[in-house]
Amino acid sequence: MIRIIFQRILAALVTLSLLCVLTFLLLRLAPGGPFDTDRVWPPEIQANIQAKYGLNLRVSQQMGIWFKDLLHGDLHESFQYLGKPVSELISEAWPVSILLGTLALLVAVILGIPLGCLSAWKQGTWIDRVFMFVCFSGLSLPTYLLASLLILIFSLWLMWFPPALWEGPEFWVLPTLTLAARPLAILARLTRTTVIEVLRSDFIRTAYGKGLSPRTILFKHALKNSLIPVVSVLGPLAAQMVTGSFLVEIVFQIPGLGMHFVQSVLNRDYPLVMGLTLTYGVVLLTAHLLVDLSYSWIDPRIRVES
Amino acid sequence: MNRFLKNRWAVLSLAFLLLLTLATLCAPLLTRYSFEEQQISQRLSPPSFLHPMGTDLLGRDLYSRILYGARVSLTVGVVTALISLILGTLSGALAGYFGGWVDRCLSGITHLFYIIPSLLLAILLTLVFGKGLTGLLVALSATSWVTQARLVRGQMLQAKQMPYVEAARSVGASTLSIIFRHILPNLWGPILVALTIQIPTQVMSESFLSFIGLGLQPPYASWGVLASEGFGAMRSFPHLILYPGGILFITLMAFNALGDGLRDWLDPAGDRNLM
C-alpha cells in the first residue's frame, strides 16, 4: 500500500511539472508582453526592463530559472503588482476561494442529499416531478444568468444582500448560492437514482417484512447504503468548486484565485499565472489522489491498481 | 423509435432546436435591423413593437443581435463538439484497441488534460490563438475531447474481446478495418449520446469565455458577448441580460432534454447521472 501511494505521488509530481511546462510555453507563445504600453519607450529603457526581469534570456533558460527558484520556494515577484511576491498574493487570495468553495459545497451537500432522498421516497408524485425538473433546469442554467437573477431579486429589489465584493458574512450569501446550484443539482439527482435502486433491493423488502417503520428503513437502511456513489463524486466536486469559481468571482468581484488568474493572464503577469497554475495543480492532484485512495477505503473490494 | 417519440420533452426539444436553427439561418428575413446598425436616438429603449427585445447601449436592436448571435454560439458549439468527438474517438479507439505503450502514452496525455481545469487551459489557448473565432474553436476543441476519449477507450476494451471481432480477425480483416468498419459502427449509440451532451457544454463554455471578454470582439455578437455587455447595465436595464441569458438557458435545456431522451432510447441500461 505504501509503495502504491509513493508511486501515485511520483506520478502526480510528473503531471504537475508537465502542467507547469505547458503553461510556461503557452504564455510565451501568446502575443504581447507584460510591459507593453501605448507609450513607446526608448530601446535602452526597454532593454533594461527586459533584463531586470530576465525576459531577454531564452525561454528554456527562463524556465530553468523558474523551476530552480521554485525548489527554493521562490515564486518571483508579480509584474503587475510591483514589488509584491507572488506567494504573498496567492496566500491572500486562496483563503477567499477556499471559503467560497467550502460554503458552496456545504450548501450543496446539506440541501442536495436530503432533497434527493425525499424525491426518491416520493418517487412519481408531483413533489418528485417538480423537484427533478428544477434540478434538471439547474444543470442548464448559465452561472451569470443565475447570478444576475439573484442580484436583481435579492440586492436590487429586496435589498437583503450586497450585490458584489467580499467583506463580511452578508457578502457571502449570493456568491455561495450561485456556486452551489450546479453541485446541488448533481448531488440531488445522483442521490435520487441510488436511493431508488437501493429501495428496490432484497434487504429493504426484508426490513418491511419484519415490520420496521418506513422512517427507520429510509434513514437506517436505504440512505446509508446509497451514500457510497455519492461520496465518491464529492472529491471531483470539491475540486470543481475550487476551480469552478472563476466566473462567480468575476461576476461578484471577489478577490480570489479565479479573478487573479483571469486578470494575470490578461496582463501577461507571467510569474503570477505560473504561481496560480501551480496552486490549482496541487489542489486538483491532491483531490484526485485522495479520491483514488479513498475508493479502496470506502469499499475494500476495490483494489488500488499499481 | 417509438420509445423516443413517446418522450414528449425530447420531441419538443428537438422541434425547438430545429426551429431555432431555421430561424438563425433565415435571420436576415426575420429581422428589421441588422445586428450592427446603431440608432443612437433609440438607445436603451425597453421592449417595444419595433424592438421586441429593446435596444442596447449603442441603440442596436437586441432581437437582431440575439438571432445573429445564435449563429456564432450554435456553430461554435456544434463544430467544436464534432472536432472533439473525432479527436476523442480516434485517441480512445487507438488506446483501447492497441493497449501497451500506445495506451500508456495516450492515456497519459488524456489524464493530463483531464486534470487541468478546462477553463484554465481554454483561457491560455485563446490568448495564443487570438481572441476571436479561431481562438474559441481551438480552445474549446482542445479542452473537451478528453471525456470522449475515456468513454471510447472503455468501450473499445470491452468490444475487442467480443466474438465478432475475433471472427473479423480470423477472416483476415486488417487492424484498421476492424477498428473503423467493425467496432466503431457498433459504438454509435454511446457516441451520439456523448455528442448531445457535448454540444450544450460547448455552447456554455463559449458563452463563459465570451463573458470574460476572450471570445468574439465587437461588433460581432454571440450569446456570451451579449450577456457580458448586458451584465454591466443590469442595474437599470435588466432586459439586456435577461433576454440573451434566458434564450441560452432554454436552448441548453432543450439540448439536455434531447440528450436524456436519446440516452433512454439508445442505451436504456446506461446510467442517467449528469456530471
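Naming: A, B, ... by sequence-line order, numbering from 1 per chain.
For A/Leu19, the parts lying under 4.5 angstrom from a heavy atom of chain B are both the backbone and the side chain. Heavy atoms of A/Val265 lying under 4.5 Å from chain B belong to its backbone as well as its side chain. Residue B/Ala254 does not touch chain A at all, counting heavy-atom pairs closer than 4.5 Å. Only the side chain of B/Leu214 comes within contact range of chain A, judged by heavy atoms closer than 4.5 Å. In this structure, chain B has heavy atoms under 4.5 Å from both the backbone and the side chain of A/Thr143. Proximity to chain B is absent for every atom of A/Leu276, based on heavy atoms less than 4.5 angstrom apart.
Among A/Val251, A/Leu146, A/Leu22, the residue making the largest number of heavy-atom pairs under 4.5 Å with chain B is A/Val251. Note: B/Ile123 leads B/Thr251, B/Ile123, B/Leu121 in heavy-atom pairs under 4.5 Å with chain A. Top candidate by heavy-atom pairs under 4.5 Å with chain B, chosen from A/Leu141, A/Leu29, A/Thr15, A/Leu285, is A/Leu141.
By the side-chain contact (heavy atoms from CB on, under 4.5 Å) test, A/Phe133 pairs with B/Trp9, B/Met253, sequence neighbours left out. Taking B/Ser144 as the reference, B/Ser84, B/Gln198, B/Gln202 meet the side-chain contact (heavy atoms from CB on, under 4.5 Å) condition, with sequence neighbours excluded.
Across B/Ala227 and A/Tyr144, no two heavy atoms sit closer than the pair CB-CE1, 3.2 Å. When all heavy atoms are compared, the tightest approach of A/Ser140 to B/Phe249 is O-CD1, 3.5 Å. Heavy atoms only, all atoms of each residue included: B/Ile241 and A/Ser148 are closest at CD1-OG, 3.5 Å. Of all non-hydrogen atoms in A/Leu145 and B/Gly245, the two that sit nearest each other are CD2-O, 3.4 Å.
Using a 4.5 Å heavy-atom cut-off against chain A, the contacting residues of residues 205-212 of chain B are B/Ser207, B/Phe208, B/Phe211, B/Ile212.
Legend: side-chain hydrogen bond (donor to acceptor under 3.5 Å, both in side chains) pairs involving residues 258-278 of chain A, not counting sequence neighbours, sorted by first then second residue: A/Ser78-A/Asp269.
For the pair B/Leu242 and A/Leu152, the minimum side-chain heavy-atom distance is below 4.5 Å. Proximity of A/Ile151 to B/Phe231: side-chain heavy atoms (C-beta onward) are separated by under 4.5 Å at one or more points.
One distance of note links OG of A/Ser137 with CG of B/Leu252; it measures 11.5 Å at 0.5 Å rounding. Atoms OH and CG, from A/Tyr280 and B/Leu120 in turn, are 7.0 Å apart once rounded to the nearest 0.5 Å.
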